[in-house]
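A note on names: the letters A, B, ... follow the listed sequences, proteins ahead of strands, and every chain is numbered from 1.
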There are 2 protein chains.
Amino acid sequence: MRPLFHPSIEDVSVEAILHALSDPVRVAILVEIVGAACSQNCSNFLQVNDKDIPKSTLSQHFKALREAGLIRGERKGVEMHNTSRCAEIEQRFPGLILAIVNAHNIQSRDRRRSGRKRKPIS
Amino acid sequence: MRPLFHPSIEDVSVEAILHALSDPVRVAILVEIVGAACSQNCSNFLQVNDKDIPKSTLSQHFKALREAGLIRGERKGVEMHNTSRCAEIEQRFPGLILAIVNAHNIQSRDRRRSGRKRKPIS
DNA sequence: TCAATAGTTCATAAATTCAGAACTAATGAA
DNA sequence: TTCATTAGTTCTGAATTTATGAACTATTGA
């Protein structure tokens with residue numbers, strides 16, 4: 001299988017980062033990968049924000065994150081190990097990822113408070 | 001003519017902001033509006049980064065920026081006065097716009113240094 | 001009333017995204 | 001080896017989004 005493409009850090013563009021993170025599923029994936037102690041495989045995300053994501057779609061989302069330079073994916077046996085490249089990006093664009101993740105957190109908190117997206121009491 | 005739509009600040013979403021600013025023309029417009037002492041009309045941007053932008057396209061770009069909550073547009077006689085809403089957004093998502101504009105500046109500087117996008121010596 | 005200016009809307013072609021189906025690659029068991 | 005399983009990618013067509021020329025609207029000034 002052909003090796004996955006990863007841009008070198010100097011080829012990472014702000015446009016690509018912003019585009020990648022303008023999708024709520026991709027932000028959720030990145031936040032999870034950043035926060036996790038160990039690398040994450042794709043199948044951990046077949047459910048995101050209470051929504052089922054088909055695995056072909058998920059694969060495209062991971063590709064988008066990889067090609068934007070936000071994560072690194074390494075095939076380890078049968079599964080993929082995904083790790084964040086945020087430290088490199090922090091070097092190149094200081095404060096960018098933090099500000100975006102932070103803004104997303106503020107938004108989620110506000111939405112919870114105002115009662116949007118609340119799970120129905122089953 | 002029907003009045004232009006502007007979202008209230010609590011309806012502004014991170015996704016919409018990031019999507020709006022994932023386009024280089026729109027970032028350039030926003031940066032210009034933020035940096036300008038007075039409000040800017042659309043026709044100031046028929047050329048952006050040495051590229052001609054058709055006015056219908058430009059109109060859509062301004063609409064995208066308005067509907068993302070990044071700028072406010074007011075019709076003043078025959079032309080439109082566009083002003084930034086960054087102060088409001090700073091209240092809601094501290095540091096976000098600054099980090100993005102900053103990252104774009106770093107990228108432009110790097111590109112100039114590495115010789116990309118250099119105008120041919122005519 | 002007419003022409004000029006500034007910008008929007010419409011229509012359609014081009015590009016992008018989504019998701020099911022088929023495929024590939026690695027592993028483990030028989 | 002061969003088969004089944006698991007994890008993920010690629011293919012393909014449908015749906016959505018974007019870009020832009022052409023037509024349109026609104027305001028101003030002559």
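When distances are taken from the side chain of A:Asp23 to each of C:dC18, C:dG7, D:dA7, the shortest belongs to C:dC18. Among the nucleotides C:dT17, C:dT8, C:dT5, the one closest to the side chain of B:Val78 is C:dT5. When distances run from any side-chain atom of A:Pro54 to the nucleotides C:dG20, D:dT27, C:dC18, the shortest one goes to C:dG20.
At the heavy-atom level, A:Arg26 lies nowhere under 4.0 Å from the strands shown. When heavy atoms are screened at a 4.0 angstrom cut-off, B:His81 is found touching no nucleic acid atom at all. When heavy atoms are screened at a 4.0 angstrom cut-off, A:Ser43 is found touching the sugar-phosphate backbone but no base atom.
The environment of A:Gln47 atom CD is dense: over 12 non-hydrogen atoms of other residues, nucleotides or ligands sit within 6.0 angstrom. Other residues, nucleotides and ligands contribute more than 12 heavy atoms inside 6.0 Å of the CD atom of B:Glu90.
Map A:Ile53 and B:Glu79 each onto its nearest nucleotide of DNA chain C; the residue landing nearer the 5' end is B:Glu79.
Between the CG atom of A:Asp52 and the C1' atom of C:dG20 there is a distance of 15 Å, rounded to whole Å. Atom P of nucleotide D:dG8 and atom CZ of A:Phe45 are separated by 10 Å, given to the nearest angstrom. One interatomic measurement links the two molecules: CD of B:Gln60 to P of D:dT20, which rounds to 11 Å at whole-angstrom precision. One can place NZ of B:Lys63 at 9 Å from C1' of C:dT9, the figure rounded to the nearest angstrom. A:Lys76 has its NZ atom 18 Å from the C1' atom of D:dT6, to the nearest Å. Look at CD1 on B:Ile71: it is 11 Å from P on C:dG7, rounded to the nearest Å. If you measure from atom NE2 of B:His61 to atom P of D:dT20, you get 8 Å, rounded to the nearest angstrom. Regarding A:Lys55, its NZ atom lies at a distance of 12 Å from the P atom of C:dA21, rounded to whole Å.
Between the side chain of B:Ser56 and the base of D:dG21, at least one donor-acceptor pair of N or O atoms lies under 3.5 Å.
Look at B:His19 and you'll find a side-chain N or O under 4.0 angstrom from OP1 or OP2 of D:dT18. Put simply, B:Thr57 has a side-chain N or O that comes within less than 4.0 Å of OP1 or OP2 on D:dT20. Checking the phosphate oxygens (OP1, OP2) of D:dT9, a side-chain nitrogen or oxygen of A:Arg66 falls inside 4.0 Å.
Panel note: side chain A:His6, backbone A:Glu67; no donor-acceptor pair is recorded below 3.5 Å. Between the side chain of A:Ser108 and the backbone N or O of A:His104, at least one donor-acceptor pair lies under 3.5 Å.
Between B:Arg26 and A:Glu15 there is no salt bridge, since none of the side-chain N atoms of the basic residue sits less than 4.0 Å from a carboxylate O of the acidic one.
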